[in-house]
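Notes follow once the structure below has been shown.
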Amino acid sequence: MISVNLQTSDFLGILPHLVLSVFGILMLGLGVFIPKSKHKWLAYIGLFGIILGAAGNVLLWGQNYSAFGEMVRVDQLSIILNFIFLTTAAFSLLLTINYSEFVELEFIEFIPLVLLATTGMMLMASAGHLMIIFLGLETMSIALYVMAGFRRDNKYSLEAALKYFLLGAFATGFLLYGIALIYGVVGSADLKAIMEYFTKNSLDANVLSLIGLGLLIVGFGFKVALVPFHMWTPDVYQGSPMPVTAYMAVGAKAAGFAAILRVFIQSANFISFQWADIFWILAVLTMTVGNVMALVQDDIKRMLAYSSIAHAGYLLVGVVSANDLTIPSVVFYLLVYLFMNMGAFAVAELVGSKEEKKTKINYFHGLGYSNPFIGLVMAVCMFSLAGFPPAAGFIGKFYLFSSAMQSGYLWLVIIGVINSVISVYYYLRIVVAMYMYKPEEGAEKIEIMAGTRLVLLLSILSILYLGVLPNTFLKLFYLF
Amino acid sequence: MNPQLLLNVTIFLPLAGVITLLFFPKEKEQLIKIWALFISLVTFLLSVPLFCSFRSGVSDIQFETLAVWIPAIGANYRVGLDGISILLYMLTAFMIPIAILASFHAITYRVKEYMITFLFLETGMLGVFSALDLVLFYIFWEAMLIPMYLIIGIWGGPRRIYAAIKFVIYTMVGSALMLAAILYLYFLNHNFTGIYTFDILKMYQLSIPFGKQVWLFLAFALAFAIKVPLFPLHTWLPDAHVEAPTAGSIILAAVLLKMGTYGFLRFNLPIFPEASLYFTQLFFILAVIGILYGALVSMVQDDIKKLVAYSSVAHLGFVMLGIFAMTVQGLQGGILQMINHGLSTGALFLAVGMIYERRHTRLIEDFGGISKSMPIFASLFLIVCLSSLGLPGTNGFVGEFLILVGTFMVNKTFAVLGTAGIIIAAVYLLWMYKRMMFGTITHEENRKLVDLDLREVVALISIIIFIFWIGIYPSTFTQKTEASVNHLIQRVKKAQVNLQLENRVLDFKSFLSFLADDNKQAGGK
C-alpha cells in the first residue's frame, strides 16, 4: 500500500538516484551546446554529478527507513552498495576519457547513459518492492544495451549489443513473469509482504510461488552471468568498448547480486530451505565452468569474461550460506572485485591501444619492463583475483568461504578452493607474460592520462589496503 | 630494545627495506645490492638478542605480541617464538644475507626488482615462523609464494617458467585444502568453546573427535608434505632447484622446505595428536622411502645441482623420521637436522653457484682436478660435503644421530633402513667430490679458474662456523628447544591413551560421513 502523503524524507531517500538521473537528462540537452572539441568536458560534468550523488549518499549515512511506502529501502546495504556503484561509474568515466584517445566516442550520449545505468543499479540495491527491482534492472539494462554497441563502425561491438539485447530481453521476460506469479500468490509484490506471507505459509504449499522464484533466479542469473545463463558474457565482453566492459563486469554484477540479496536473503530467507540446493548447484557449475573455460583463452577480454563468471560463482557460495555473514561477505567481495577488475580492465585498455587491436595475451609480453607501473598494477590485480594474500582478493574469498563453512557447506568450500587453484594457472599466465618474456619488438612506453592513472593507483592501493586492513570496511556492517 | 618489539621489528624491517628500495634509481645496481645486504644484515643482528634472551627450559611462547586485527572474523595479529620456532627464525635471518651476498655477481639484470622480491620473501618467511594466528600464518605462508615464484620465473634457468608454475600449482593445491581445514577448525572451535578465534594456541586445547581429526590432519599434512617434500610429492623440487638462481636455491633448501616440517610440529602433532599417532607408520614408510630413494637418485645425477636437490629429499626424510618417532631425541634431532640441512645444503648450493659462475656448467664431467686451480674452494667445499654426509664433529652427525637414536627406540627396522641412507649419502657426495676435485685436469678451461674472492670466502666461512659449532657443542641450540619438545611429547603421549579407545576404521564411507556431518552453527555470530 503506497501512501499518498509524500514527505521530504521520501525524496531524501532517493537523493543519489535523483541527482544522477537529473544530471543524465540535463546533459543530453547540454551536450548539444558544447562544441565538439570540448566534449571531454561532458565527462568532467558527469564526474561532478557522481560526486554530488555520493554527497547525497553521505547524507543518508547511518539511516535506516523506507521511503515511498515500502518501495525504497534506505539501509546499510543500499548505502554501501550505492558507493560501490558510484565508484564504478566514476572509474569507467575516467577510463572513457583515455579510451576516446584510441577510439572515437560520442560523449553526448555516452556519459548520460553511464549516469542513467548507475541510477538503475542504485535502484536495484535500494528496492523494497519487486517492481522497483524491475524498474532498476530495466533502466540499467537498456542503457547497457546501447553502450555495448557504442562503436557503431565495429561489427563485434554491434554483435555484442544485439546478443546482449536479445538474450537480455528474454531474461527480463522471465523475471517479469516470475514477479507476476509471486504477485499472484502473495497478493503483493512488496518484499516485506512477501516475507510475511512465506513465514506464515510453506513455500511448497503453492507451486506457483516455487515457479515464480525459479524464474527470478533465471532473470538475475542472466545479469550476473551464472552458468548456464552465461552464454552471452564472453562475446559481449569482447565486443563492447573497454570502459563499457569494465562497467558491465563490475556494476551489472554488483547490481544483480544486490537484487539477489534483497529478494533471496533479506526478504524471504527461502534459500535456507528449498532453494539452497538450486543455488549450490549453480555455484558449483558457475565456478567450475568459468575457471575451466578461462584456462584456454588467448584474449584478455575473454579471459576476464570467464574469470568474471567464476567470480560470480564464488559470490554465490556466499549467498548459498544464507547466514548473518552472507551480506557482509558478499558486499565486501563486490567491493574488492570492483578494484581488481577496474585495475585489470584499465590495463587491458591501455595495452589494447588504438582500436583495441592488441587484446591478445602475447601483447603483454615484457610489459612489466617496458611499462613498470602498468605491469605492477596488473600483477597485483591478477594475484588478487587468484586469491593470493596479502591482496584483498584473499580476504574476500576467505570471508565468503567462511560464511559457507558456518552453514556447514564443507564440500562447497572444498570445491571452491580447488577452483581457486585452477584459476591460479590462468591469472599467472598474465604475470608470466609480463615478467618472464622479453618485450615484443617495438614495445614502447604507453602514455597514461591522469584519469586512468588515478584509476590504476586507486585500484592497487585499495587492493593492498583492504587486503591488509580489511576491518576498516568490515566494521561498517556492525555500525548500523 | 625490549625483545617483544624487537621481534616485530625484525619481521617487518625487510618490508621497510622494500619500500626504501623503491626510491632507489634503477641504474645504481651496486648501491641497491649493498643496501639490501645492509637491511638483511641488520635484521639478522637485531634477531641475535632474541636468541640470547630466549629463556631455555620454558615451553611457553616468548616475546609475544597480541593485537586486534580483524575482529569481524576473529583474526588477531599474534606473533611470538617458542622452542620449536626460535632456531628456524634465526636460520632464516642468517641465511638471507648470505643468499644476497651470493647474488652479487650472479644477478646481472633487473637487480632492483630482485632485491625487492628477496626482502619481501624474508618478511614472509620470518612471519611464517612467528605467526600464532591461523589467518596470519596462512597469509604469510601464501604471500611468500609470490616472491619465490618470481625469483624462479624471472632469474632462473632455461626451463624457469615451467619450474615456477609447477612450484606454485603444487604448493597451492596443498594449501587450498589447508585453508578449508583452517575454516573448519575455526567453526569447530566455536562449537566447543563458543569463541570465534583463529588463535593457534587455543586450538591446542581442543580435543577433536578422532573421526574429524584424521581428515583435518590429512588436509594440513598434504600442504606440509608437499612443501617438505615427502615422497611421492617431491617432483616439483628438482625442477625448482635446478632452474632457480643460486640464491633462490639456497633459500628454497634452507628455509622454504623447513616450513613443511615446521608445519607438522606446529599444527599436526599438537592439534591432531591422535591422528598423528594413527598415521605414524605411513609417515615412517614415506620418510624412509624418501631417504633411500633420494639418496639413490642423487648417486646417478650428472648435474651437481640436481644431485644436491635430490639429497634434500633424503635429508628431509630424516627430519620427518625424527618428527614422527615422537621421542625427545627424535624430535630434537629433527629440529636440529632442519637447521643442519639449512646450513649444509645452503652451503652446498652456494658452492655450486660459485663454480657455476666461473664455468657456466653444472655437469660433473666438465670438471676434474679443480683442487689444483682452486685450493681454497676445494677445502671449504670438502668441509661442506662432509657436514652434509654427517661426519662426526660436524653438525650433520649430531642431528642424524639423535634422529636415529630416537627412531630406534620406537622402531628398529626404520632406524636401520635410515642408517643405510647415511651410507649412500657418503657414496654420492664423496664420489662427486672426487670426480670434480681430484684427478687430472681434463678441460683446459679448468686450469685457469680463479679461486674464491673475499666475498665468497666470507659467505662460506660464516656457514662453516656454525657447522662446527653445532657439531662440537650442540647444546647452545638444543637447550633452547628442549622444553617445548618435551611439552609437545607429553601432549602426544596423552593422546596415546585415547587412541586405543577410538574406532580406527578409516575408509571412504567415513570420509563421506565427515563431509555430511555439517558442523553447523546455531544462530551464528
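A, B, ... follow the sequence lines: proteins, then strands. Residue 1 opens every chain.
Of the listed residues (V68(B), I182(B), I146(B), I161(B)), the one with the most heavy-atom contacts under 4.5 Å to chain A is I146(B). The most heavy-atom pairs under 4.5 Å with chain B, out of V417(A), I418(A), I414(A), come from V417(A). Taking chain A as the reference chain and counting heavy-atom pairs below 4.5 Å, the highest number among A180(B), G124(B), G153(B) is found for G153(B).
At a 4.5 Å heavy-atom cutoff, the contact between Y138(B) and chain A is made by backbone and side-chain atoms alike. Contact annotation for W155(B): neither backbone nor side-chain heavy atoms come within less than 4.5 Å of a heavy atom of chain A. Both the backbone and the side chain of V173(B) come within contact range of chain A, each with at least one heavy atom under 4.5 Å from a heavy atom of that chain. With a 4.5 angstrom heavy-atom cutoff, Y435(A) touches chain B via backbone and side-chain atoms both. Residue contact with chain B, scored on non-hydrogen atoms closer than 4.5 Å, involves the side chain of I395(A) exclusively. Both the backbone and the side chain of F401(A) have a heavy atom closer than 4.5 Å to some heavy atom of chain B. L179(B) touches chain A through its side chain: at least one heavy atom from C-beta onward sits under 4.5 Å away, while N, CA, C and O do not. Both the backbone and the side chain of I139(B) come within contact range of chain A, judged by heavy atoms closer than 4.5 Å.
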Would you be so kind as to tabulate the donor-acceptor pairs closer than 3.5 Å made by side chains of residues 217-225 of chain B, with sequence neighbours excluded?
none

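A cation-pi geometry, defined here as NZ or CZ lying under 6.0 Å from the six-membered ring centre and within 45° of its normal, does not hold between K397(A) and Y333(A). Geometrically, K227(B) does not engage W236(B) in a cation-pi contact defined by less than 6.0 Å to the ring centre and at most 45° from the axis.
Environment of CZ in F12(B): crowded, with over 12 heavy atoms of neighbouring residues, nucleotides or ligands closer than 6.0 Å.
Using a cut-off of 4.0 Å between Lys/Arg side-chain N and Asp/Glu carboxylate O, R110(B) and E29(B) are scored as not salt-bridged.
Remark: the S321(A) side chain and the Q406(A) side chain contain no N/O donor-acceptor pair separated by less than 3.5 Å. For the 3.5 Å distance criterion, the side chains of T171(B) and Y149(B) fail to qualify, holding no donor opposite an acceptor.
Under the 3.5 Å distance criterion, the side-chain polar atoms of T117(B) are left unmatched by any main-chain donor or acceptor of I151(B).
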